[in-house]
Amino acid sequence: MRIDVLGVSFDNVTLDEAVDRGLELLELDGPHWVVTPNPEIVQRANQDPEFSEILSNADLVIPDGVGIIYAAKILGRPLKGRVPGIDFASALLERIAGTGKRLFLLGAAPGVAEQAAVNLQLAHPGLNVCGIHDGYFMEDAPVIDAIRTAKADIVFVCLGSPKQEKWIAANGDSAGARLYIGLGGALDVFAGKVRRAPEVFQKLGLEWLYRLIKEPSRIGRMVKLPLFLVSAVGAKLKGNKST
Ligand code: UDP
């Protein structure tokens with residue numbers, strides 16, 4: 001069952017349930033896709049009907065970000081918990097390592113996906129990284145070709161949102177993989193270029209605060225978070241009529 005949070009419907013899953021669903025999707029003919037919306041993405045979907053439709057057509061919609069969890073609670077439809085995209089990706093890789101499933105990494109600046117591939121293979125022995133491509137390309141065709149030629153089963157698409165979701169919707173079928181996952185800045189984290197918040201910040205749901213301290217330029221993006229929660233309160237007061 002999906003739970004609507006201000007116009008985007010989320011799967012009410014734990015991390016383990018999300019990974020099980022991801023593994024099921026990997027056994028089906030593609031393309032299937034997973035999206036990992038945070039409050040910023042929900043707000044964007046409200047302003048972009050095409051993007052909103054792409055999100056609703058995803059096969060798995062997981063709540064990446066504590067703001068989604070708070071908003072769901074305010075709306076009186078609580079979700080089981082936060083499933084950060086990066087944790088979902090890591091847990092999925094742990095399960096597919098050694099199975100022969102082929103992973104393609106798409107996105108980030110040149111050189112980043114290469115480093116991410118090295119680190120991921122160290123972290124998950126037996127992981128089959130079948131190809132990589134940076135995220136700063138002018139034409140889609142060579143990228144589609146690279147994924148198809150690599151016979152990828154699963155593609156991490158890390159182009160930032162909404163670019164990555166739109167790319168998957170437009171090109172997932174031609175590229176021939178079974179499962180696409182939109183993961184924003186995950187390759188920068190896997191490559192060790194961006195450090196994730198220490199566990200204490202993660203446990204307290206304060207990853208956003210750590211990120212803000214490290215990258216103060218994100219303040220413009222982050223002031224939207226309180227507004228998001230205010231919208232949830234507004235929707236609740238209106239009796240959720242529009243959500
Ligand atoms: N990126 C890319 N191609 C682009 C724009 C962005 O590959 O045309 C990459 C960028 O290098 C970064 C990621 O997309 O690795 C976006 O990171 P951000 O943290 O902004 O994503 P979010 O998770 O916040 O959407």
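Just so you know, ligand 1 is whichever comes first in the structure, and atom 1 is the first atom listed for that ligand.
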Not counting sequence neighbours, list each pair that qualifies as a salt bridge (Lys or Arg N to Asp or Glu O under 4.0 Å) and has a residue in residues 32-47.
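For residues 32-47, and leaving out neighbouring residues, the salt bridge (Lys or Arg N to Asp or Glu O under 4.0 Å) pairs sorted by first residue read Glu40-Arg44, Glu40-Arg221.
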
Could you state whether Phe10 and Leu6 fall into the same hydrophobic cluster, counting links through intermediate Ile, Leu, Val, Met, Phe, Trp or Tyr residues with side-chain heavy atoms under 4.5 angstrom apart?
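The answer is yes; both residues are in one hydrophobic cluster.
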
Sequence neighbours left out, what passes side-chain hydrogen bond (donor to acceptor under 3.5 Å, both in side chains) with Lys214? Give chain and number order.
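Once residues adjacent in sequence are excluded, Lys214 has no partner under the side-chain hydrogen bond (donor to acceptor under 3.5 Å, both in side chains) criterion.
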
Test: side chain to side chain donor-acceptor pair (under 3.5 Å). Region: residues 88-110. Which pairs qualify, not counting sequence neighbours?
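Every side chain to side chain donor-acceptor pair (under 3.5 Å) pair that includes a residue of residues 88-110, provided the two are not neighbours, is Asp20-Arg95, Glu27-Lys101, Glu94-His124.
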
Would you say Lys73 has more than 12 foreign heavy atoms packed within less than 6.0 Å of its NZ?
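Open: at most 12 neighbouring heavy atoms sit under 6.0 Å from NZ of Lys73.
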
Ignoring hydrogens and angles, state whether a donor on the side chain of Asp140 or Trp167 is under 3.5 Å from an acceptor on the partner side chain.
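There is such a pair between these side chains.
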
Which protein residues have a heavy atom closer than 4.0 Å to any atom of ligand 1, listed by chain and number?
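Gly107, Ala108, Ala109, Gly135, Tyr136, Cys158, Leu159, Gly160, Ser161, Lys163, Gly184, Gly185, Asp188, Arg211, Arg218, Arg221.
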
